[in-house]
Asks: 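Below is one structure. I have some questions about it.
Below, read A as the first sequence line, B as the second, and so on, with proteins coming before strands; counting in each chain starts at 1.
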Number of protein chains: 4
Amino acid sequence: MDGSRHRRRGDTRQRIQDVALELFSDQGYEKTSLREIAERLDVTKAALYYHFKTKEDILIGIFGDLTRPIDELIAWGREQPHTLATKQEVVRRYSEALSDAGPLFRFMQENQATVRELRIGEMFKDRMLELSAIIRDVDAPLADQVRCITALFTLHAGMFALRELKADPEDKRKAVLEVAIDLVTQAHNGA
Amino acid sequence: MDGSRHRRRGDTRQRIQDVALELFSDQGYEKTSLREIAERLDVTKAALYYHFKTKEDILIGIFGDLTRPIDELIAWGREQPHTLATKQEVVRRYSEALSDAGPLFRFMQENQATVRELRIGEMFKDRMLELSAIIRDVDAPLADQVRCITALFTLHAGMFALRELKADPEDKRKAVLEVAIDLVTQAHNGA
Amino acid sequence: MDGSRHRRRGDTRQRIQDVALELFSDQGYEKTSLREIAERLDVTKAALYYHFKTKEDILIGIFGDLTRPIDELIAWGREQPHTLATKQEVVRRYSEALSDAGPLFRFMQENQATVRELRIGEMFKDRMLELSAIIRDVDAPLADQVRCITALFTLHAGMFALRELKADPEDKRKAVLEVAIDLVTQAHNGA
Amino acid sequence: MDGSRHRRRGDTRQRIQDVALELFSDQGYEKTSLREIAERLDVTKAALYYHFKTKEDILIGIFGDLTRPIDELIAWGREQPHTLATKQEVVRRYSEALSDAGPLFRFMQENQATVRELRIGEMFKDRMLELSAIIRDVDAPLADQVRCITALFTLHAGMFALRELKADPEDKRKAVLEVAIDLVTQAHNGA
DNA sequence: AATGAATGAGCCTTCATTCAT
DNA sequence: AATGAATGAAGGCTCATTCAT
């Protein structure tokens, strides 16, 4: 018992999300049709509608699932003092959280125009603002604020923007993290 | 005489590109239909096809037109010595070139998933690689290379990623430029 | 109960093929639009695409269905000895098979230019070659080979080319068959 | 003087017909667009409309030009006595006339569905009826009438239907002619 | 004798979605 | 938990044709 037929039971929802995320981040949201997702899963389009109300809902589901660690990070960060150590720790943890949700963030990064018009656009923006509020100092010089935002941005873009750079992925992640922490540190210490 | 009706003659091609760029960068490439472009110009869809062979061709036309200054910058940069001054100057000039082609780069940034599958994807990537080859040192530590790429990236994303930051646009542009030059400088001087 | 509404269920695929064949052979393939087919069936164009992947696929479906008897004839003919009796029998049976698939062959006959560029062009040619290989003697004088091919051709064209000839259809069919058998017989017996 | 620029003058009409016939008979009438014809001639579509009122008019022009010898043959045949010798001569001459207008007849043969709906459909049918009236005996047995029509038909189809038959084209033409004359002769002599 | 610019109609196809079963 | 059948809307594109110049 608990064979593959059983395991599949109740699994479909998750499998839809997995396949959808893969396709969305590979080809973009608009270019990925529900037909394509259904075919990959060997079910009918109608089956998708049993599990999700709309195409956008699939995305929202994915987002909700993969975003939880980041919500927790934000909650944690808010209660810490505004020290450099906190900021560095937030960046460090964020980098980790991102690497788990890699494809989702690649998707967000590469489909901003689309995302902006969907509900997750707002959700995402909210989280970014919260995060940057922890790292950034509202009264700091503009350039320092740019540094902080660039730090977050670099973490997001990191892996994909650096595709052309031949190097070990883990080394790249560390290098990106180093640059991000550096930026935040410089921002904290003033121009 | 020579009124607006006359001025319009021969202008259509340019007007198509203008409207198309506006819509593409506002709503994304896929979400912008040729019908929409045509309606805004008060011509038929078929008229667009008189001037451009495909939808993608419209984009290629825009890209070609707006990208010329950057091509010139690359040509110039290649012939300069690999000094810090050169690198800084390239970044400075690039920042200027970008501000002219603002909407196009916003479009590229926000529609990466789409762009990747179009021919301009390659064109764009080529230019990025050339530019980064001028700024970057292939033998430098990974983190420094990341700094250089982040610098370019920051210039691109600059204006749009900072939309939430309330400040004078020109001030923001300067702040972004400062951070970018800083990154290149740090990379040049070693970790 | 089990009224026409119910009978219609599951019938759609066949009904599409029927209407399509009628229109294709009346007006030609290119001149028949999917809109027209859909309207006749009182469904939407999209419904056609539920049942067939492309316009060409509709034709392929028809061809496959109506062509089976001919495939069987070819299979049978191949295993017979190369006698005159066999050849005559093949012609006789072919004439019968054709009269069932009348409209399809009229279509093939009258849309050769189109058919040649579609996949069924090849399929059709293959069958013709197989059939003629059974009837024809590769070493016979050219004129005799022409007789055999003309025989097949006459059967195809028969009904449509003779439209102007006022006579009972069944009589015409017999006359055509007689001429075809005659041609094959003459070819077999030598010039 | 009388250089190629001069020779081209007034030549365009003919060149249009030449290219059009080539394309029509290669790809079919519907599948050949005026754009394609214009491009091949390196003129604009509008230029075609200077010489011909419609697409169909181009075809009518071609038909009129290439069909003149056949009109003359019909006129000649009508005044001859209804002897076997006359019939054979008509077939012989028709075969010759056809070989000059090869591509046109290939076109007629392969685009019957289209041609039927155009004005040349009627023109063509008229000529066929006239010709067959010369060869055929209205009171003869049906099979003999079929023989006569098949004879004409064989001449038309001859070259294209026999494409698969590997042999010298001139030999094929002679073989086809032989079969056609044979058919007419058999018809004349009675079953 | 021919072009440049445009149109209106229509084409094949795809998509997200619905609903009875 | 999922399917089969279908829809309405729209999309990109092509075509024959027109007309002022």
Asks: Specify the closest pair of heavy atoms between D:Asn111 and C:Ala113, including all atoms of both residues, with the distance to one decimal.
Replies: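 That would be OD1-CB, 3.4 Å.
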Asks: Please report the closest heavy-atom contact between A:Leu104 and A:Leu21, naming both atoms and the distance.
Replies: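 Heavy-atom minimum between the residues: CA-CD1, 3.8 Å.
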Asks: Among B:Leu41, B:Leu34, B:Asp11, which residue satisfies the side chain to side chain contact (heavy atoms under 4.5 Å, CB included) criterion with B:Ile16?
Replies: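 Among B:Leu41, B:Leu34, B:Asp11, the one that satisfies the side chain to side chain contact (heavy atoms under 4.5 Å, CB included) with B:Ile16 is B:Leu41.
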Asks: Whom does E:dT21 pair with, Watson-Crick or G-U wobble, provided both distances fall under 3.5 Å?
Replies: F:dA2
Asks: May I ask you to check whether B:Phe124 and B:Phe105 place their ring centres under 6.0 Å from each other?
Replies: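 That pair passes the under 6.0 Å test.
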Asks: It should be established whether A:Thr12 places a side-chain nitrogen or oxygen under 4.0 Å from OP1 or OP2 of nucleotide F:dA1.
Replies: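 Looking at the OP1 and OP2 atoms of F:dA1, neither is under 4.0 Å from any side-chain N or O of A:Thr12.
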Asks: Between residues 46-56 of chain D and DNA chain E, which residues have a heavy-atom gap below 4.0 Å?
Replies: D:Ala46, D:Ala47, D:Tyr50, D:His51
Asks: Does one side chain, of B:Glu30 or B:Thr114, offer a donor that lies under 3.5 Å from an acceptor on the other?
Replies: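 There is such a pair (donor and acceptor under 3.5 Å, judged by atom type) between the side chains of B:Glu30 and B:Thr114.
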Asks: Give the minimum heavy-atom separation between D:Glu22 and D:Arg40, together with the two atoms involved.
Replies: OE2-NH1, 3.3 Å
Asks: Under a 3.5 Å cut-off for both contacts, is F:dG12 paired Watson-Crick or G-U wobble with anything, and if yes, with which nucleotide?
Replies: E:dC11
Asks: Whole Å only: how far is the CG atom of D:Leu41 from the P atom of E:dA1?
Replies: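 Computing the D:Leu41:CG to E:dA1:P distance gives 16 Å.
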Asks: Can a donor-acceptor pair under 3.5 Å be found between the side-chain atoms of A:Lys45 and the base atoms of F:dT3?
Replies: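 Answer no: no donor N or O sits under 3.5 Å from an acceptor.
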Asks: If we ignore hydrogens and angles and just use 3.5 Å, is the side chain of B:Glu56 paired with the main-chain N or O of B:Arg119 as donor and acceptor?
Replies: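 Yes, the answer is positive, given that a donor and an acceptor are paired below the 3.5 Å cut-off.
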Asks: Within 45 degrees of the ring normal and closer than 6.0 Å to the centroid, is that where the cationic atom of B:Lys55 sits relative to B:Tyr29?
Replies: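 Positive - B:Lys55 is close enough to the ring of B:Tyr29 and near enough to its axis.
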Asks: Does any N or O in the side chain of D:Arg116 come within less than 3.5 Å of the main-chain N or O of D:Gly121, such that one atom is a donor and the other an acceptor?
Replies: no
Asks: Report the distance from atom CD of A:Gln14 to atom C1' of F:dA1, rounded to the nearest whole Å.
Replies: 17 Å
Asks: Round to the nearest Å and state the distance from C:Asp11 atom CG to F:dG4 atom C1'.
Replies: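 To the nearest whole Å, that distance equals 15 Å.
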Asks: Round to the nearest Å and state the distance from D:Arg13 atom CZ to E:dA2 atom P.
Replies: 13 Å
Asks: Among residues 23-39 of chain B, which residues get a heavy atom nearer than 4.0 Å to DNA chain F?
Replies: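 Close to the strand are B:Thr32, B:Ser33, B:Leu34, B:Arg35.
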